[in-house]
Asker: 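Supplied in structure tokens, the structure appears directly below.
Remember, it's 1-based here, ligands and their atoms both numbered in the order they're listed. Model, not experiment: these values are computed from the prediction.
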Amino acid sequence: MIADLAADQGVWGPGPGDGAAVGAAWEALRTVMDPEIPVLSVVDLGMIRGVEAGEGGRLRVRLSPTYSGCPATGIIALEVARALDAAGFPNAEVVTEVAPPWTTDWISPAGLDRLRESGIAPPPRGAGKRALVAPEERIACPRCGSTDTEVISAFGSTACKALHRCRSCLEPFDSFKCI
Ligand SMILES: [Zn+2]
């Protein structure tokens with residue numbers, strides 16, 4: 001039930017009533033990686049809120065920015081348009097949608113696995129906005145799983161990540177900053 005709800009909010013693919021063109025567009029969108037977190041596609045991040053075929057088959061893609069003011073958002077919209085163009089949808093319209101606001105809970109389960117595999121601590125499920133109030137909250141080390149970790153810097157290798165250190169294995173690691 002919770003998984004269904006998450007899939008519902010994160011979207012991640014075409015719906016049952018969508019045609020082949022919309023399906024092909026989703027496949028193209030899966031190749032657009034986040035410039036800051038290159039192991040995650042915009043689909044896995046839950047940034048793609050919907051793909052619709054409008055009049056004359058023109059596609060409309062609704063895109064949710066991850067962090068408001070994240071400088072990568074403009075680049076991502078361009079990359080999305082470019083990927084759709086390459087997939088045979090030259091006039092796709094990319095619309096930015098700010099409500100409801102994006103949350104880390106929209107990241108797909110596969111995306112969370114890829115974060116972990118690449119040494120970035122994934123955000124805890126349901127952490128969403130809570131983490132803003134408690135930035136010192138313990139994040140599990142992606143290498144050894146220990147929760148005996150500390151925040152070294154609220155800003156990691158990019159503005160969307162925070163830098164932590166594990167007190168068990170002493171390794172520093174990035175976490176995906178929650179909003
Ligand atoms: Zn560790």
Asker: List the residues meeting ring-ring contact (aromatic ring centres under 6.0 Å, His included) with Phe173, not counting sequence neighbours, and say none if there are none.
Answerer: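 Applying ring-ring contact (aromatic ring centres under 6.0 Å, His included) to Phe173 gives His164.
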Asker: Give every protein N, O or S atom lying under 2.8 Å from the Zn ion (ligand 1), naming each by residue and atom.
Answerer: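 Protein N/O/S atoms under 2.8 Å of the Zn ion (ligand 1): Cys141 SG, Cys144 SG, Cys166 SG, Cys169 SG.
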Asker: Less than 4.0 angstrom from a charged side-chain N to a carboxylate O is my criterion; do Glu79 and Arg82 meet it?
Answerer: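 The answer is yes: the pair qualifies as a salt bridge.
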Asker: Please name the pair of heavy atoms, one in Ala53 and one in Leu59, separated by the smallest distance, quoted to 0.1 Å.
Answerer: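 Residues Ala53 and Leu59, closest heavy atoms: CA-CD2, 4.0 Å.
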Asker: Under a 3.5 Å distance rule, please check whether Trp12 uses its side chain to pair with a backbone N or O of Pro109 as donor and acceptor.
Answerer: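 Not at all, since once roles are kept as given, no pair shorter than 3.5 Å links the two residues.
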Asker: Measure the CZ-CG distance between Arg60 and Asn91 for me, rounded to the nearest 0.5 Å.
Answerer: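 Between atom CZ of Arg60 and atom CG of Asn91 there are 15.0 Å.
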Asker: Does the Arg49 side chain pair with the main chain of Arg62, one donor and one acceptor, at a distance under 3.5 Å?
Answerer: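 Flag not set: sc Arg49 to bb Arg62 has no pair under 3.5 Å.
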